[in-house]
Q: 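Structure in structure tokens, see below.
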Amino acid sequence: MMTNEQLIARLRAIAGARNVLTGEQATERFRKGFRSGEGDALCVVRPAKLLEMWQALEAIVQADKIVIMQAANTGLTEGSTPNGQYDRDVVIINTNRLKNNYVVDEGRQVVSLAGSTLFDLEKQLAPFGRQPHSVIGSSCIGASVVGGVCNNSGGSLVERGTSYTELALFARISATGQLELVNHLDMELGETPEEMLGRLDRGDALNDALKPTNKLASDKEYSDQVRDVTASSPARFNADKRRLYEASGCAGKLAVFAVRLDTYPKAQNEQVFYIGTNDAQRLGKLRRDVLAQFETLPISAEYMHKEIFDLSERYGKDTVLMIKYLGTAALPQFFALKGWFDSWFNKLALTRNLTDKSLYWLTRLLPCLLPKRIMDFRKRFEHHLILKMRDEGIKEARKYLADNFADEGEGAYFECTPDEGKMAELNRFAAAGAGVRYQAVNAGKVSDILALDIALPRNCEDWVEELPAELEEQIIHKLYYGHFMCHVFHQDYVVKKVADVKAIKAEMLKILTRRGAEYPAEHNVGHMYQAKPDLAEFYKQQDPTNSMNPGIGKMSKKRNYS
């Protein structure tokens, strides 16, 4: 058995001394979750090649340590960082340096390595007229392709469902503690880890390596599933057994080196419609009519309640400005720099949350960023829907809205100019971070943010939540937003300082269970949700010794799940 010092020395020999981080400050941004959660780690390893990642895994398993796989660390449920106490030391393998995507089959598929990002892939596919599974939402903060697959991530694009594949190259730890490399990419890459990983590291003739396959590289059934508005189950959620397969949904219980995924053709024409109403039932009817009657499904249909609209417009300005003028590519560097500053400033009470507070007050000096027509709708309406249609669906939406939203008293709409459409979407994208920023700026009166992502049954008509008075009085803000056609909602509650957040969450989940909701819908269980029996059994099958990301789904953190 290696000592800790011997293991760190070996990892440095593999990845280079600069890429094996030790000490609280050097490892802090890798040990802390994007929104919450943190724990201790012996070290952080940052391999630059897949072969280095394999060799690091070999050393860590030989030393009998816990492995936590991590890419962009943009998860919202604490699932890619240590959490609390373990019975063995933890080593984090961060894959951010393994960024390559290889476009194959004339752009119809892609092979993405462990740390590749969605916005990089989006740029690489553009010359082929193709897109990845997700192009908006989490991709704006640098989310990884493999992280999306491992966590059944959904996103906002209506036709695509969860990020899913049955084609992956991964390492697993067997029941006897042996590390095994499994090539299920259906690609001829060689026989040994050195041959397979070396070829992927170099990107050598990967088109020639492709084999005919009947395995799925995307969820091809989802468009039919989401259209079934009479079904009593949700369209998509993390614990759905039909989309748990090896790397897909593994949540770090496997070490995934590469995935093979389908890509999607870009629309020829797109049009954003901005819809406002004070009658939730009108929006519910629109959803059912569009899904059941339209020939062309929407690209996206993003919902915002007026309360999150206001918070996003006020506390998300810096995100909107950065994406508008610098693009999504600037955000990972920004968040890395912010994490570095926070690791220094948060040591003192006087400077805690200094970057968040500074950005908030700086952007408060700026005028409102949103176009006048959108702000006029905010003054008039409680419920907002940003409906993006493509190609023939544009005509269908135009006719439907003219027939059903012409009464200005009950609801209204307008067709966005390109700038209005972009700004409406950016205000929606900034929503997830707006609550976190509010908490940082108003720490004195906020206990925490209770963030739930839920999937309502497809036949649910009473989709607006009504909370009991005893819960309402403990909450400062209720922030409702989400992917309306899929009936997937993000419900963030800014909780008052004196309230018991755990007790509130328990009551919230009871209410959701009575409504037939599934949770979590797309952010996965992490350390914040209890894994349901099917999901827990899947995790145990992938990782029988409980050495990979133990404790997720509130399961045991001990060896062999004891």
Side-chain angles (χ1 to χ4, degrees), residues 32-38 75-79 83-84 237-238 278 280 303-316 346 349 352-353 356-357 360 378 382-384 428 430-456 460 462-482 487-530 532 553-554:
K32 295 185 70 171
F34 176 71
R35 178 178 276 168
S36 63
E38 67 177 297
L76 300 180
T77 57
E78 307 175 2
N83 189 289
F237 55 98
N238 287 134
N278 292 314
Y303 168 76
M304 296 185 81
H305 184 264
K306 64 179 182 180
E307 202 161 353
I308 184 60
F309 181 109
D310 291 344
L311 232 69
S312 187
E313 189 276 325
R314 188 171 180 179
Y315 289 85
N346 288 349
R352 189 169 292 128
N353 300 320
D356 283 295
K357 291 176 180 177
Y360 169 71
R378 166 57 194 96
E382 180 178 2
H383 304 287
H384 299 247
R428 162 63 185 90
V436 178
R437 174 66 51 76
Y438 179 91
Q439 180 184 16
V441 174
N442 300 277
K445 61 181 181 180
V446 177
S447 172
D448 202 352
I449 293 179
L450 174 55
L452 304 178
D453 69 295
I454 70 160
L456 293 177
C460 177
D462 296 323
W463 57 274
V464 176
E465 181 177 70
E466 294 186 13
L467 294 178
E470 59 269 22
L471 289 180
E472 287 272 8
E473 64 187 16
Q474 300 180 74
I475 295 170
I476 301 172
H477 290 294
K478 298 180 299 181
L479 309 177
Y480 298 130
Y481 54 105
H487 251 194
V488 167
F489 293 92
H490 304 291
Q491 301 184 171
D492 298 348
Y493 307 90
V494 182
V495 181
K496 292 180 180 178
K497 197 71 173 178
V498 295
D500 184 340
V501 179
K502 290 184 178 179
I504 293 173
K505 181 178 180 179
E507 289 302 312
M508 296 283 195
L509 296 184
K510 288 179 185 177
I511 293 169
L512 290 171
T513 299
R514 289 196 294 269
R515 296 177 70 194
E518 289 281 356
Y519 48 84
E522 61 180 7
H523 289 160
N524 219 344
V525 289
H527 288 278
M528 298 181 71
Y529 293 90
Q530 186 82 39
K532 294 187 175 180
K554 298 187 179 294

Q: Side chains of Leu471 and Gln474: closer than 4.5 Å at any heavy-atom pair?
A: yes
Q: Using 0.5 Å steps for rounding, measure from the CE atom of Met528 to the CG atom of Leu452.
A: 8.0 Å
Q: When you compare the side chain of Lys478 with that of Asp492, does any pair of heavy atoms fall below 4.5 Å?
A: no
Q: Looking at OH of Tyr493 and CD1 of Ile476, how far apart are the two atoms once the value is rounded to the nearest 0.5 Å?
A: 15.0 Å
Q: Should the pair His490 and Tyr481 be assigned to parallel (<30°), tilted (30 to 60°) or perpendicular (>60°) ring geometry?
A: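 Correct class here is tilted.
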Q: With a 4.5 Å limit on heavy-atom distance, are the side chains of Glu522 and Val488 in contact?
A: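 They are in contact (side-chain heavy atoms under 4.5 Å apart), so the answer is yes.
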Q: Is the shortest heavy-atom distance from the side chain of Asp453 to the side chain of Phe489 under 4.5 Å?
A: no
Q: Donor-acceptor pair, Gln439 side chain versus Gly435 backbone, under 3.5 Å?
A: no
Q: After noting the C-alpha distance and the side-chain angles of Asp310 and Arg378, does the key distance pass the side chain to side chain contact (heavy atoms under 4.5 Å, CB included) rule?
A: CA-CA 8 Å; Asp310 291 344; Arg378 166 57 194 96; 2.6 Å; yes
Q: Determine whether the side chains of Glu465 and Tyr480 contain a donor N or O and an acceptor N or O closer than 3.5 Å.
A: yes
Q: Minimum heavy-atom separation for Val495 and Ala499, please, with both atom names.
A: CG1-CB, 3.3 Å
Q: Kindly compute the distance separating CG (Leu76) from NE2 (His523), expressed to the nearest 0.5 Å.
A: 4.5 Å
Q: If we ignore angles and hydrogens, is there a donor and acceptor under 3.5 Å between the side chains of Glu78 and Asn83?
A: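 Judged by distance alone, the side chains do pair up.
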Q: How long is the straight-line distance from CD1 of Ile511 back to CD1 of Ile454, given to the nearest 0.5 Å?
A: 11.0 Å
Q: Can you give me the closest heavy-atom contact between Ala434 and Ser312, atom names plus distance?
A: CB-CA, 3.7 Å
Q: Hey, do the aromatic rings of Tyr303 and His384 have their centres closer than 6.0 Å?
A: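 Not close enough - the centres of the two rings lie 6.0 Å or further apart.
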Q: Check whether more than 12 heavy atoms from other residues, nucleotides or ligands sit under 6.0 Å from atom CD of Glu472, and answer yes or no.
A: yes
Q: Can you check whether Lys505's main-chain N or O pairs, donor with acceptor, with Lys510's side chain at less than 3.5 Å?
A: no
Q: Which value, rounded to the nearest 0.5 Å, describes the distance between Asp448 atom CG and Ser36 atom OG?
A: 7.0 Å
Q: With heavy-atom distances below 4.5 Å as the criterion, would you say the side chains of Leu450 and Met508 are in contact?
A: yes
Q: Test side chain to side chain contact (heavy atoms under 4.5 Å, CB included) on Lys554 and His527 and set out the steps.
A: CA-CA 6 Å; Lys554 298 187 179 294; His527 288 278; over 6 Å; no
Q: Taking the side chain from Lys497 and the backbone from Ala443, do they hold a donor-acceptor pair closer than 3.5 Å?
A: yes
Q: Using every non-hydrogen atom in the two residues, find where Ala430 and Gly316 come nearest and quote the distance to one decimal.
A: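 That would be CB-O, 3.8 Å.
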Q: Would you sort out whether Tyr360 and Arg314 count as a side chain to side chain donor-acceptor pair (under 3.5 Å), showing the intermediate values?
A: CA-CA 8 Å; Tyr360 169 71; Arg314 188 171 180 179; 3.2 Å; yes
Q: Any sub-3.5 Å donor-acceptor pair from Thr77's side-chain atoms to Asn524's backbone N or O?
A: yes
Q: Do you know which of His487, His305, His383 makes ring-ring contact (aromatic ring centres under 6.0 Å, His included) with Trp463?
A: His383
Q: Does the side chain of Val494 come within less than 4.5 Å of Leu479's, by heavy atoms?
A: yes
Q: Once you round to the nearest 0.5 Å, how far does CE of Met304 lie from CZ of Arg428?
A: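 Rounded to the nearest 0.5 Å, the CE-CZ separation comes out at 7.0 Å.
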Q: Would you check if the side chain of Asn442 reaches a backbone N or O of Lys445 as a donor-acceptor pair within less than 3.5 Å?
A: no
Q: State, to 0.1 Å, how close Ala440 and Asn353 come at their nearest heavy-atom pair, and which atoms those are.
A: O-ND2, 3.7 Å
Q: Check for me whether Lys532 meets the cation-pi criterion with Phe237, that is, NZ or CZ under 6.0 Å from the six-membered ring centre and within 45 degrees of the ring axis.
A: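 Not satisfied by the 6.0 Å and 45° rule.
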